[in-house]
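Everything numeric here is computed off the predicted structure, so don't read it as measured data.
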Amino acid sequence: MKNTVVGLGEILFDVFPERKILGGAPANFAYHISQFGFNGYAVSAIGGDLLGKEILKNLEEKELNYIIEKTDFPTGTVKVQLDKRGVPTYEICENVAWDNIPLTSRIENLAKNTQTVCFGTLAQRSEVSRNTIYSFLSLMPEDSLKVFDINLRLNYFTKEIIEESLQKANALKINDEEIVKISDMFGWQGTEVEVCERLLTTFGLKFMILTKGTAGSWVINTEKESFLPTPKITIADTVGAGDSFTAAFVASYLMGRTLEESHQLAVEVSAYVCQQHGAMPRLADAHLELFRE
């Protein structure tokens with residue numbers, strides 16, 4: 001299970017005015033990284049309802065491995081509205097299954113064999129799932145990669161949760177809106193890149209990803225910084241684009257490619273996803289070919 005990569009946290013249906021699509025940032029990440037040939041797993045919880053059954057059917061159709069525990073709570077949904085630029089706003093239902101992910105023996109066993117995990121703040125809004133996430137992180141091998149995709153949603157985060165997560169992680173993904181909130185929260189001054197550098201050194205991170213929508217993206221480690229512009233494209237919607245960026249970068253990084261090469265792939269993949277509807281489209285063969293032997 002050397003190449004096991006886990007998306008840990010919420011799984012749900014993004015409900016648009018005209019359709020519903022499987023989503024949740026950790027599940028999006030797991031699906032995209034599995035397309036690059038890694039042993040991707042979605043770890044979360046569902047209810048014993050029709051939506052829960054539909055989630056499992058979706059995951060099986062996408063051939064994505066999963067440990068999805070069944071709970072007495074309803075399966076999660078998020079109402080999504082898109083503005084004229086395809087940028088989403090969310091209405092996230094509370095006290096749902098992914099708020100209550102239990103720490104089962106099969107989740108513990110998976111953690112002990114996980115090379116890389118991606119987790120965020122949203123599933124930490126409840127104590128049950130937060131404790132499961134922290135236990136999972138503590139059970140992972142010492143040399144594992146723990147990516148904190150901060151993913152701030154509404155008011156479902158606290159400074160304490162963010163600090164604890166940063167201390168447990170060794171890589172960070174953040175966007176331009178979130179870095180402003182973090183700067184204010186910590187009382188830090190300076191440019192976005194200076195705040196990134198401070199996060200990198202303060203918490204001993206291996207790398208940092210900062211995405212800025214149409215204004216480009218940065219990837220930074222202790223030795224170098226990489227900036228790339230965002231390609232000019234026609235956007236269908238941006239749901240899941242950041243998750244695909246993280247997955248592509250991590251996949252390339254785990255293959256030993258350079259910071260710049262990994263960044264370039266991430267930019268191309270996320271631009272492609274923005275041109276598709278939904279968070280989990282099949283990626284272009286041109287991107288996947290890079291990982292085939």
Side-chain angles (χ1 to χ4, degrees), residues 7 9 25-26 28-29 32-33 85-88 116-122 145-153 156-157 159 161-163 165-233 235 238-254 257-274 279:
N28 298 339
F29 169 85
H32 286 306
I33 206 157
R85 297 170 297 152
V87 177
T116 300
V117 69
C118 185
F119 70 102
T121 55
L122 185 53
L145 181 63
K146 300 168 183 177
V147 181
F148 180 35
D149 179 355
I150 198 164
N151 208 19
L152 302 181
R153 293 282 182 259
Y156 296 126
F157 58 90
K159 184 180 181 183
I161 286 173
I162 289 170
E163 283 188 303
S165 298
L166 284 166
Q167 287 163 2
K168 293 180 183 298
N170 51 23
L172 174 64
K173 155 69 169 59
I174 197 166
N175 68 29
D176 50 348
E177 293 179 358
E178 291 162 344
I179 200 134
V180 172
K181 292 177 182 177
I182 295 303
S183 299
D184 292 343
M185 187 178 286
F186 287 95
W188 291 351
Q189 303 296 317
T191 65
E192 292 172 329
V193 172
E194 287 169 344
V195 173
C196 285
E197 290 169 344
R198 190 161 178 179
L199 285 164
L200 195 78
T201 55
T202 300
F203 296 99
L205 305 174
K206 293 179 184 291
F207 62 81
M208 265 209 60
I209 295 169
L210 169 63
T211 57
K212 294 163 53 66
T214 56
S217 57
W218 289 88
V219 181
I220 301 168
N221 64 18
T222 54
E223 298 174 354
K224 58 180 72 171
E225 299 172 354
S226 172
F227 174 81
L228 287 173
T230 300
K232 289 182 169 57
I233 54 170
I235 295 174
T238 62
V239 179
D243 308 321
S244 70
F245 189 111
T246 309
F249 181 86
V250 169
S252 186
Y253 176 88
L254 292 175
R257 296 199 171 98
T258 67
L259 188 84
E260 294 85 355
E261 288 171 330
S262 301
H263 189 187
Q264 182 64 48
L265 177 67
V267 168
E268 292 177 9
V269 167
S270 60
Y272 177 82
V273 170
C274 283

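Counting heavy atoms from C-beta on, the side chains of Leu199 and Met208 come closer than 4.5 Å. In this structure, Tyr156 and Thr121 have side chains that are not in contact, with every pair of non-hydrogen atoms separated by 4.5 Å or more. A heavy-atom distance below 4.5 Å is found between the side chains of Ser244 and Ser270. Here the side chains of Phe186 and Arg198 are not in contact, with every heavy-atom distance at 4.5 Å or above. When side chains are defined from C-beta on, Phe245 counts as touching Val267, because their heavy atoms get closer than 4.5 Å. Contact check for Met185 versus Phe157: side-chain heavy atoms found under the 4.5 Å cut-off. Between Cys118 and Val250 there is no side-chain heavy-atom pair separated by less than 4.5 Å. For the pair Val147 and Phe249, the minimum side-chain heavy-atom distance is 4.5 Å or more.
Note: His263 NE2 to Arg257 CZ = 16.0 Å, rounded to the nearest 0.5 Å. Note: Ile161 CD1 to Leu152 CG = 10.5 Å, rounded to the nearest 0.5 Å. Distance check: Leu259 CG to Ser226 OG gives 5.5 Å after rounding to the nearest 0.5 Å. Between the NZ atom in Lys159 and the CG atom in Asp184 there is a gap of 11.5 Å [rounded to 0.5 Å]. A distance of 13.0 Å separates CD1 of Ile150 from CD1 of Ile209, quoted to the nearest 0.5 Å. To the nearest 0.5 angstrom, Lys181 atom NZ is 11.0 Å from Asp176 atom CG.
The shortest heavy-atom contact between Gln189 and Val195 is O-CG2, 4.3 Å. Residues Asp149 and Asp243 share a closest heavy-atom pair of OD2-OD1, 3.5 Å. Asn151 and Ala25 make their closest contact through ND2-CB, 3.3 Å (heavy atoms, listed as atom of the first residue, atom of the second, distance). Nearest heavy atom pair, residue Ala171 against residue Leu145, reads CB-CD1, 4.1 Å.
Counting non-hydrogen atoms of other residues, nucleotides and ligands closer than 6.0 Å to NZ of Lys232 gives a total of 12 or fewer. Applying the 6.0 Å contact sphere to NZ of Lys212 captures more than 12 heavy atoms from other residues, nucleotides or ligands.
Cation-pi check for Lys146 over Phe119 is not met; the charged atom does not lie both under 6.0 angstrom from the ring centroid and within 45 degrees of its normal.
The main-chain N or O of Ala248 is never found under 3.5 Å from a side-chain atom of Ser252 such that the two would form a donor-acceptor pair.
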Steps toward side chain to side chain contact (heavy atoms under 4.5 Å, CB included) verdict (Tyr253, Val219) | CA-CA 12 Å; Tyr253 176 88; Val219 181; over 6 Å; no

Please lay out, stage by stage, how Glu260 and Gln264 fare under the test side chain to side chain donor-acceptor pair (under 3.5 Å).
-> CA-CA 6 Å; Glu260 294 85 355; Gln264 182 64 48; over 6 Å; no

